[in-house]
Amino acid sequence: MKVEGLAELAKALRELPDRVAKNGLRVSVYAGAKVIRDEARLRAPKATESLGPNQPPPGTLKRSVIMKQIPELSSLTRQTFFVTVRHGKKYRKQGKKGNLSQDAWYWRFVEFGTPKMRARPFLRPALEAKRREAVQAMKDRLSERIELEAKNLYRGQQRK
């Protein structure tokens, strides 16, 4: 994927204070990740009826599609967000009321299939379908943010 105007963007980011540049970049990447996350939620399959006791309720997979920033992979000039599925724990009764966990630990089976179940991918197709729209959302949000911060900087310099 190629984004036009990266040299101008890098120059604009260098001219802004570090905090402003980092926050502006984070907000713009968030906007792009949100486009992909929303599409993945739309594409995630949903059971039409309850699968039985001690099984996840219908819609758990859709609700478990999340995005999160990875601070270890992010910096002033780079922001990393993952669109993924909340997973890790198997279903079990939790808390005093015995509510089932909303953890979709089984998402890999749906996305990639198993020997006994065909794959029903939803993450990769969401990325492919909304890639350009996500890049455009990032560009739009970043240009808004840079313009806003530049105005604030200009006002701050006039006051001095």
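Between the CD atom of E111 and the CG atom of L61 there is a distance of 9.0 Å, given to the nearest 0.5 Å. Taking CH2 of W105 as the reference point, atom OG of S64 lies at 12.0 Å (rounded to 0.5 Å).
When all heavy atoms of P58 and A47 are compared, the closest pair comes out as CB-O, 3.4 Å. Across M138 and S28, no two heavy atoms sit closer than the pair CG-O, 3.0 Å. Residues V29 and F81 come closest through the heavy atom pair CG1-CD1, 3.4 Å. Shown here for Q79 and Q69, the closest heavy-atom pair between the two residues is OE1-NE2, 2.5 Å. Of all heavy-atom pairs between R86 and R63, the closest is NH1-O, 3.9 Å.
K68 places no side-chain N or O within 3.5 Å of a backbone atom of V83 that could act as its donor or acceptor partner. Looking at S74, its side chain does come within 3.5 Å of a backbone N or O of T80 through a donor-acceptor pair.
Transitive grouping of hydrophobic side chains (ILVMFWY, heavy atoms separated by less than 4.5 Å) keeps V35 and V27 in distinct clusters.
Between W107 and V65 the shortest side-chain heavy-atom distance does not fall below 4.5 Å. By the 4.5 Å heavy-atom criterion applied to side chains, L73 and F82 are counted as neighbours. In this structure, the side chains of I36 and E133 stay at 4.5 Å or more apart for every pair of heavy atoms. Residues T84 and I66 have side chains in contact (heavy-atom distance under 4.5 Å, counting atoms from C-beta outward).
The number of heavy atoms from other shown groups lying within 6.0 Å of NZ (K34) does not exceed 12.
Across E39, R43, Q136, a single residue satisfies side-chain contact (heavy atoms from CB on, under 4.5 Å) together with K130, and that is E39.
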Side chains of residues 112-125: which donor-acceptor pairs under 3.5 Å do they make with residues two or more places apart or in other chains?
from, atom 1, to, atom 2, distance (Å)
T114, OG1, K116, N, 3.2
T114, OG1, M117, N, 3.0

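If you check the side chains of R78 and S75, you find no donor sitting under 3.5 Å from an acceptor.
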